[in-house]
Amino acid sequence: MPKPTGHDILFPSLPYDLHGRAQAATHDEQLQRFVNHATLSKDQSRKKVTLEIYGRDHLDDARTLAGQIKQHTLDHLDHYLETFVDNATRAGAKVHFARNGEQANAIAVAIAKRINARLCVKSKSMVTEETLLLPALEAIGCETVETDLGEYILQLDHDAPSHIVTPMIHKDRTAVARAFQRELGAKYTEDPKELTKIAREVLRQKYRKADLGISGGNFLVASTGSVVICTNEGNGRLCTSAPRVHIAFVGIEKLVPSLEHLTVLLKMLARSSTGQPLTVYTHTMTGPRKASGGEHDGPEEMHIVLVDNGRTEVLREETREMLRCIRCGACLNACPVYRKIGGHSYGTVYSGPIGAILSPMFKGLANYPDLPNASSLCGACYEACPVKINIPKYLIHLRGEMVSRKITKWSDRLLYRLWAKSLTNVLTYRLGGWAQKVMFRRRAKMFDNTLPEGGNPYTNRGWVGHLPGKVGGWTSERDMPTPPEKSFRQWWAKHSSGKP
Ligand code: SF4
């Protein structure tokens, strides 16, 4: 299968094939190594730091508090949006509303045209990935440079982010060295310090010359009208302060009521995403530079584009909780499926467990029928989530919708209905268990330990190496243990002497 380009990843033909992408990913040993290593270490850091800071007794309380703050804001979003707009406008910012990606991009393009912007520096923003702002600006001749180091490397490599927080989790420093040598004419080096120096030298020139700066926003503070961005490289500050005009693209769900509430979520964000006590640079922007007030730094114009793009649909009471997400990426790091298939397999801007529920809501369940099934429902995402989004509950909810709206194939619906029926009847349950046992044991050749490995492809030392037809998916990537000769029920009848 050809390697997808950034464009393919953001625009898969719909409905797209998760299985094909995931299968290719599971055979990519390098991807497995990088993603597994990075997600496991981030997951462990999160667990260590959150336990150290909150203690086992208070961690759950802290998550509950963070979730309640977000839920309260979403429950009263109309009020907090109005308060935010009033305060941001009073501080001198111009607030725009965009119903969808096209409208949001059109606002930015109009501003860029008005100021005749030739060069734009941009910090990391998932919303601009959603709206595909970068190609829209490039189309009017405004060169747009990603300044987050990971995003910059992906841009040079014509690749797309594969993780909400660490976009180039699927690459290592050799890929960076090759990209810098090929695209920037730099000397090949794998030394991280040297690589950072090369990027810094190029990007500093861009900051100096840029007429437009674009950022996202981790939070919007209603009581002050501020946009808050958190970065570890400081690029967000330069993007939003050095150019003459700054535009922030922010989803409407990013609101928090006040600075006090912000502090709770800032701590949760840093600890859950990278295991840091706090992100290195937390930048709070309230309006543009006030020259009359003697301020020397900051843009002359500040625009805030509040983007809906499907969010009001998710705001329905049954699904509102999904919008609590603060994009920390902890659920991705904790998810055994994400670790195995990486972010690009999901074929959407948001990958991992949160992507599996948000993307179908934003873009239509019928377009992404595989995503709600891309989970083992182990619950690791729910345990990791700092704002307590019950992702498994929504995965099941979406699966139910797929059945009721007949998005799931009729043959699958029939199969599962029969299966469910057989599980509720003692006779069919026993018959099913017996048939399964006989089939598996036959496939495994009755615990044949004598066969050399790699001998008969259908057996592997007592494990079932291959199942036929529709159930073959269970064994396409791993073996199944062979069921014992006697079922648990038979064993119990013999040993328990009828006692409980
Ligand atoms: S769903 Fe929770 S864990 Fe996942 S990115 Fe959002 S806030 Fe983080």
Side-chain angles (χ1 to χ4, degrees), residues 35 38-40 42-47 49-50 54 59-60 62-74 124-127 129-130 161-167 169 216-219 228 230 250-256 261-262 264-276 279 310-311 314 319-339 342-343 346 348-362 371-372 374-398:
V35 176
T39 49
L40 277 174
K42 287 220 166 10
D43 194 44
Q44 276 157 9
S45 309
R46 171 188 62 81
K47 285 181 181 151
V49 169
T50 48
Y54 299 108
L59 176 56
D60 197 53
R63 291 172 61 224
T64 303
L65 177 64
Q68 283 172 344
I69 292 172
K70 286 296 295 179
Q71 190 66 35
H72 165 84
T73 320
L74 293 166
K124 192 170 173 324
S125 154
M126 295 308 291
V127 177
E129 298 288 342
E130 261 181 63
S162 67
H163 189 283
I164 303 176
V165 176
T166 36
I169 197 169
N218 292 87
F219 300 101
V228 180
C230 307
V250 197
I252 52 171
E253 82 283 17
K254 292 299 180 82
L255 273 161
V256 292
H261 299 102
L262 174 71
V264 176
L265 291 161
L266 282 178
K267 286 186 245 174
M268 271 300 185
L269 175 64
R271 289 158 197 183
S272 305
S273 59
T274 48
Q276 293 166 282
T279 314
R311 284 156 175 80
V314 190
T319 49
R320 189 174 298 165
E321 187 183 314
M322 291 184 197
L323 293 178
R324 290 184 194 176
C325 180
I326 55 172
R327 311 282 191 266
C328 70
C331 57
L332 279 68
N333 300 332
C335 177
V337 176
Y338 178 90
R339 281 187 199 148
Y346 291 80
T348 54
V349 170
Y350 300 106
S351 56
I354 187 62
I357 56 172
L358 269 187
S359 306
M361 293 298 296
F362 284 169
L371 285 186
S375 166
S376 62
L377 298 180
C378 66
C381 48
Y382 181 36
E383 240 172 65
C385 180
V387 285
K388 277 197 161 176
I389 302 173
N390 192 339
I391 297 174
K393 181 180 97 180
Y394 289 110
L395 287 165
I396 293 169
H397 167 86
L398 290 176

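In listed order, ligands and their atoms are each counted from 1.
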Rounded to the nearest 0.5 Å, how far does CG of N218 lie from CG of L262?
9.5 Å
Has R46 got a side-chain atom pairing as donor or acceptor with R271's backbone, closer than 3.5 angstrom?
no
Value rounded to 0.5 Å, distance of CZ in R327 from CE in M126
7.5 Å
Pairwise distance CD(E129) to OH(Y350) - rounded to 0.5 angstrom:
9.0 Å
Among non-hydrogen protein atoms, atom 5 (S) of ligand 1 lies closest to G329 N, 3.2 Å
Taking 2.8 Å as the cut-off, does an N/O/S atom of C331 lie below it from atom 2 (Fe) of ligand 1?
no
4.0 Å heavy-atom contact, A384 with ligand 1
no
Suppose we call two aromatic rings close when their centres sit under 6.0 Å apart. Are Y338 and H163 close by that rule?
yes
Tell me which protein heavy atom sits closest to atom 7 (S) of ligand 1, plus the residue, atom name and distance to 0.1 Å.
I326 N, 3.4 Å
With heavy atoms of I389 as the reference, note each atom of ligand 1 found under 4.0 Å away.
1 (S)
Residue portion contacting ligand 1 (non-hydrogen atoms closer than 4.0 Å) for V387
side chain
Ranked by distance from atom 2 (Fe) of ligand 1, the top protein heavy atom is C385 SG, 2.4 Å
Just jot down the ligand 1 atoms closer than 4.0 angstrom to any heavy atom of C325, in number order.
1 (S), 5 (S), 6 (Fe), 7 (S)
Atom 8 (Fe) of ligand 1: nearest protein contact (heavy atom, Å)
C328 SG, 2.3 Å
If the cut-off is 4.0 Å to any non-hydrogen atom of I354, which atoms of ligand 1 fall inside it?
1 (S)
K124 side chain to I164 backbone, donor-acceptor under 3.5 Å
yes
Among C331, C325, S272, S273, find the one that has a side chain to side chain contact (heavy atoms under 4.5 Å, CB included) with P386.
S272
